[in-house]
Each structure stands twice: as structure tokens, then as C-alpha cells.
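Structure, as C-alpha cells:
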Amino acid sequence: MQSQRPSSWYAVPAFAFFGLFAALPMVLVVYLSFTSWQGLGTPTFNGVANWSRLISDGEAHASMGRTLLLMVVSWAVQTPIALLIGVWAAGKQRSRAVLSSIFFLPLLLSTAAIALLWQALLDSNFGIFAGGPQFLGDPDIAIYTVVFVISWQYIPFHTLLYQGAARGIPASLYEAAIIDGAGRFGRFFNITLPQLRYTIVTSSILMLVGSLTTFDTVLILTQGGPGTASRIIPLHMYITGFSGFEMGYASAIAVLLVVLGTALSVIVTRATGFRAMSSQQEGS
Amino acid sequence: MKIWALQDQVLNPIEQKSIDSFKAAGGNGSLETFGNDPYKQKLRVAIGSPNAPDVFFNWGGGNLKEYVDAGKIADLTPVLDQNPELKNAFIPSVMDGAKIDGKQYGIPMRGMQPVLLFFNKKVFAEAGVQPPKTWDDLLSLVDTFKNKGVQPISLAGSQAWTELMWAEYLLDRIGGPEVFKAIRDNGAAGWKHPAVLESLTKLRELIDRGGFGDNFASVGYDMGGASTIMAQGKAAMHLMGSWEFVNQQDQSPDFVKNGDLGWTAFPAIPGGKGDPSNVVGNASNYYSVTSDSKQLDAAKKFVSTTLHEDSYVQALIDAGDVPAVVGVEDKLAKAPNADYTTWIYNTVKEAKHFQLSWDQDLPADDATFMLTQLQELFLKKVSPEQFVNAVAAR
């Protein structure tokens, strides 16, 4: 007997939701990017003026560079830490459950709360490092402070991914390796890491695209400052759109963000062979 | 009738009360309030839509001008002409804040908020010095306080508008109000006026001299920010809007109670074109009427009858505000903090010119760009020349 596939009508709510809240706004933003609109009256078509401005806008380029830096550094910081804690948390140690719940605490806090918390802690006059390095006030340090806070917030989430994946690695692989005489490091590099390959890809895409579009933490923590030292591209878009009310130009930046974000995840999935999605498990 | 205003714990109930009494007299109206940034965004989207308010709070100046240019604001000049008593009820330099191309588009509805130089009397007494009268006084005070290990001037440099106050005063003192007026009315090329460069060079000297200390870039104007630094004696002076008084009372009550909070006018610059009596800041806030309002007459009646009413003015004074209404000297003298409010009142009344904050007086996109450049100037990433070239090229 042939199993009945669900009728395609079942997809209607999902499509309607996606269309209304993702596709439609995106189409509108593309339209707005070819107009001049100060938020008042009706948008007037101005051709590619916004786009040629984007090409020559030094501040946009600098913001782009900062976004890239933020992306790369926060990936490089988060991945090893999350991976190690995740693998460790997948084990059966005695203190594991208690320590893991402590590690996961930042996951329970909202972004705004975290940003305000660190802003107060790092205050240059009344914070814990008052009189020391100016983590939020020094233009050369501020962006790394942002990386730190973002990492502090998101490492627990990625740890969770790695913990789950590490638990799924068949014990028989380790048993075989032990018989073959593999040590702790040998097992980690020859079994755990290769087995977590696709988790690393998933987590990396989430981190990279996440950093590309990160916004709230920076808005609250530094407002892009000091000066423009931590003004990343989404914040540049926000300031252009909602302080300067140049909605057309801000839309062009938004379109660029969408394109970059999509391209990034496509490139990462292709480059890592993620699309093949072959299972590494026994019996497949 | 929908009336929109900026959220304010103290002033909203007073505004509500005046709406209530307007209702009792046969009118109608309901007050909606919003926080600062959301308000600006919401207003932008709403004006010109069917959800527009009938009467709305604004800051006057270039910000209001954008709405006027889009044809969204009702001209109140005829109302004033029919009603000379209303026209003469307010201080003229404050009325000018909502005057665009000779027409009146708003009526003052909250207190006047000039920027003045606050100082910590105790710190000054310990150093045996007097508040500055001239720019040179200020520079020598910077050296004095630095030698004593006190930050000369407190600055909430993470927010560009606090830095802007310095640039506004310096340009007004050196070049007079006409220089900025030309920038606003005739476009960005006006930034090339030599007075702009001269004033920014002076500002840069003050920064280089250590006037603002070295960690202002991360200091904010929220709880525990620039005001607290001065109240605790870590800094000697603080250039801020007149609301600073109430803010200090709130956050550092003992500092104000002990009489340690001093205030004075921005120092004069001998040889400058600007009159030393000139002030900068927010002249006031205004109620404007949208031209598409379905209840245009009621809205006009509301703004023309309730804002100079005795009970409303008295309530503002009781709340610590200094209304832009003429002849309230006696009322101010009887209210708390009479010496402070009277000083503010007289300063504005005697000012030859009230320069509206540049970020309110320029269109939003130019203002945003200029503020970013100014922050870079304070961080020494941009020189005064580069600032001028960048903003003039917009």
C-alpha cells in the first residue's frame, strides 16, 4: 500500500508566513533601494544613485571592514571554546551536570540585559576596571570588547550544539580506537573532530551569518562608538535609516546585507561538502 | 483629537491635566506619549498617514521644517494675528524656534532649555579659583585642575550631542549666529566660513590640553555618567542643558542640597563676533498642528488657548521648568530653586539670540553625518580641516 503524502495545502501557512514577513519586505527593500525617501511623503525613483553612493561611501567600506573583522575574530574565538566545552560536557564526569548548567547561564539572558550588564561592568569611571584599560572608550579596543561580549553570550549555544553532536558519536568507535592504542588526543583528533565535521559547519554558518547581522549588542553596548570604531554595517544601516532618515540609501545597505548573508552560507556549505550530508554512523 | 508628546514622568501629568480642562470646557483630546528615539521614528512614519496625530510635540527648527516643507504642518500665523494676547504671551526668541520662513508653526509648551556651564563649587573652592568668564580663564582653569589631579571638564562623549554643545557655543561666540544660519539656509558650503575652522581649532586645543580628560569617549549621560563624575568631585565643570539641575537633584540629591552645584554662562571670547549674551540649546518644545487633521479647528483652539493659561504655566514652574512665557518673574521667585530658575529665565530673556541645537536645526541626514564627524574630531581621528571639508562636501 502506498503511503499517503500530505497534501501541499499543508504548506500554505508556512508559505504565507514566509511571504508576508520575509519575501514581501525584501521585495519592498529592493524597491526602496532605487528611490530617495526621507520617510515623509512618497518615495521618488532615483535610479542607481544609492548604489553608486554605496560604492564610493568611505564610511560604508570602513563599516564593512569592521563587520568582517568581527565575523572572523568572533568565529575564531567561539569555535574552539565551544567545541572543547561541548565535547567535555558530553562526557560522564561527576561535576559535569552542575558546571554545564552554570556555563549555559548566559543563554537564559536577553541580549539587551547582557549588553547593559557588560556596559556597567566595563564603565571607565565606575566599572570593575575603572582607571585601567578603557574597554569601551578606546577606539582600538572597543570592537574586541564587542567580540568578547558576543562570544560570552553565544558560546553556550554552540556548546549545546557540540554537546548534542558529541553524544551521538557511537561509543564503538572509541572502543575500537582504545584497542588500537589511541590516546586521549589521538581519539579527539581522529574520531571526535571528524565526527563533528558537520556540526562545525552548522555552527560556523550560524556564527558567521549571526555576526554579519549582529546589531542589538553593539547598539546598546557602544552605539558604534567611540566615534565609529565599532560601527558595523548593520548599525551603519540603522543610523542611516533611523537617525538620518535616508531610507533609500539604508535600503541599499540592507540589500547588500541580504546578498552577503546568503552568499556566505552558500559558499560555506559548498566549500565544506556539507550538501552531501553523508552520514558517518554505523549502518548507513 | 490625538495629542502626542515625549515621555516625561513629571511633565506628562501636567499636559494631561491641561487636556482634561480643555475637555471639561467642551473640547476633546487624548494624550499619547513615547520615548525619545521611538518617538522620532514613529512621528516620521505617522505624519502624512491616516494615523497622524492632530497635535504633536516637537523641537522646532530644521526638524520641524522638513515636515513644513512636505506640507504637513498647519500655519498658525493667522491664529496669532487674530489673537495678539497669545502672540505677546511668549518670549520672542523662543517663538522664533518654531518660525519657518516668517510663519509660525508651533507654540512653546514646555520649559526653556538653554545650555550652561555647571561647576562643582567645592572643587573650585579647594583650588581657590573662580568660574571662568573668558575662554582664557577656562584654559588656565584646565591647567589648574589637571595639576590637582581633577578632570577639568566632564563630558558624556559617547553621545555626540554633548560634544556638539561645545562646537555650537564656540562658533556662536567667534562667528556670531549668522555663520550657522547661512549653513542652515544656504547649504553645506557655509561650513567653509573661516569662523568654523577657527572655533574647531580652539576646541581641538582644549581637547589636546586634556580639558575633557582621556576617557570621555565611553562616558554617557545616563545614570552614573558625566553628571555623577562632577557631583563626586572627579571633574570640575560640565557643559549641559538646563535640565541638568533636576537631573543632579535626582541622582545626587546631597550635592545639590549642600549648595555645591554652581552654574554660569558659557565664557566670552574677546574679539569674537557673537554677543556673549547669546545662548544655545533647545529653546523650548512646541506643539504643532498637522494640516491634514480632521479636527483642525479644535486642534488650533487647543494650542492657542491652553499653553499660556495660568494654571498650566504655574504647574510647569512647580515642576521645576522655566516656561517661555513673559512676566512670570514673581511666580518663579515663589517656587523652589528660585535662584536657579530666575537665572535661566533672565539669561534667555536677555539673550540677543537663542541658537537652536544644530542637530535639531539641520535636516536629519546632515545632522547625523555631522555628529559622526564631530565624534571623530573629539577622538582626534579627524582634524578641524578634515571636519570642515567633510561636512561642506555633503
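Each chain gets a letter, A, B and so on, in the order its sequence line appears, and its residues count up from 1.
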Between the side chain of [X] and the main-chain N/O of [Y], is any donor-acceptor distance below 3.5 Å?
{"X": "Gln134(A)", "Y": "Asp214(B)", "value": "yes"}
{"X": "Gln375(B)", "Y": "Gly225(A)", "value": "no"}
{"X": "Thr368(B)", "Y": "Ser243(A)", "value": "yes"}
{"X": "Ser218(B)", "Y": "Leu136(A)", "value": "no"}

If I take atom [atom1] from residue [X] and atom [atom2] from residue [Y], how far apart are they, to the nearest 0.5 angstrom?
{"X": "Phe369(B)", "Y": "Thr240(A)", "atom1": "CZ", "atom2": "OG1", "result": "11.0 Å"}
{"X": "Asp365(B)", "Y": "Ile239(A)", "atom1": "CG", "atom2": "CD1", "result": "14.0 Å"}
{"X": "Lys381(B)", "Y": "Thr228(A)", "atom1": "NZ", "atom2": "OG1", "result": "7.5 Å"}
{"X": "Glu66(B)", "Y": "Phe245(A)", "atom1": "CD", "atom2": "CZ", "result": "8.0 Å"}

Above 12 or not: heavy atoms from other molecules or residues under 6.0 Å from [atom1] of [X]?
{"X": "Lys380(B)", "atom1": "NZ", "result": "yes"}
{"X": "Asp101(B)", "atom1": "CG", "result": "no"}
{"X": "Lys72(B)", "atom1": "NZ", "result": "yes"}
{"X": "Lys40(B)", "atom1": "NZ", "result": "yes"}
{"X": "Lys122(B)", "atom1": "NZ", "result": "no"}
{"X": "Phe215(A)", "atom1": "CZ", "result": "yes"}
{"X": "Trp161(B)", "atom1": "CH2", "result": "yes"}

| So what's closer than 4.5 Å to chain A heavy atoms on Gln232(B): side chain, backbone, both or neither? |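 Interface part for Gln232(B): side chain.
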
| task | Check each atom of Leu379(B) against the heavy atoms of chain A and say whether the ones under 4.5 Å are side chain, backbone, both or neither. | result |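 The side chain, not the backbone.
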
| query | Of all of Gly244(A), Gly39(A), Gly137(A), which one pairs up most often with chain B through heavy atoms under 4.5 Å apart? | reply |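 It is Gly244(A).
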
Is the shortest side-chain heavy-atom distance between [X] and [Y] below 4.5 Å?
{"X": "Tyr67(B)", "Y": "Leu40(A)", "value": "yes"}
{"X": "Val219(B)", "Y": "Ser124(A)", "value": "yes"}
{"X": "Arg231(A)", "Y": "Thr372(B)", "value": "yes"}

| Option that, when pairs with chain A are counted at under 4.5 Å, heavy atom only, ranks first among Ala367(B), Ala160(B), Ala364(B), Ala217(B) |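 Of Ala367(B), Ala160(B), Ala364(B), Ala217(B), Ala364(B) has the most heavy-atom pairs under 4.5 Å with chain A.
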
| field | Side chain, backbone, both or neither of Gln38(A) within contact of chain B (heavy atoms, under 4.5 Å) | value |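 For Gln38(A), heavy atoms of backbone and side chain both lie under 4.5 Å from chain B.
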
| Under a 4.5 Å heavy-atom cut-off, does chain B meet the side chain of Phe126(A), its backbone, both or neither? |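 For Phe126(A), side-chain heavy atoms alone lie under 4.5 Å from chain B.
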
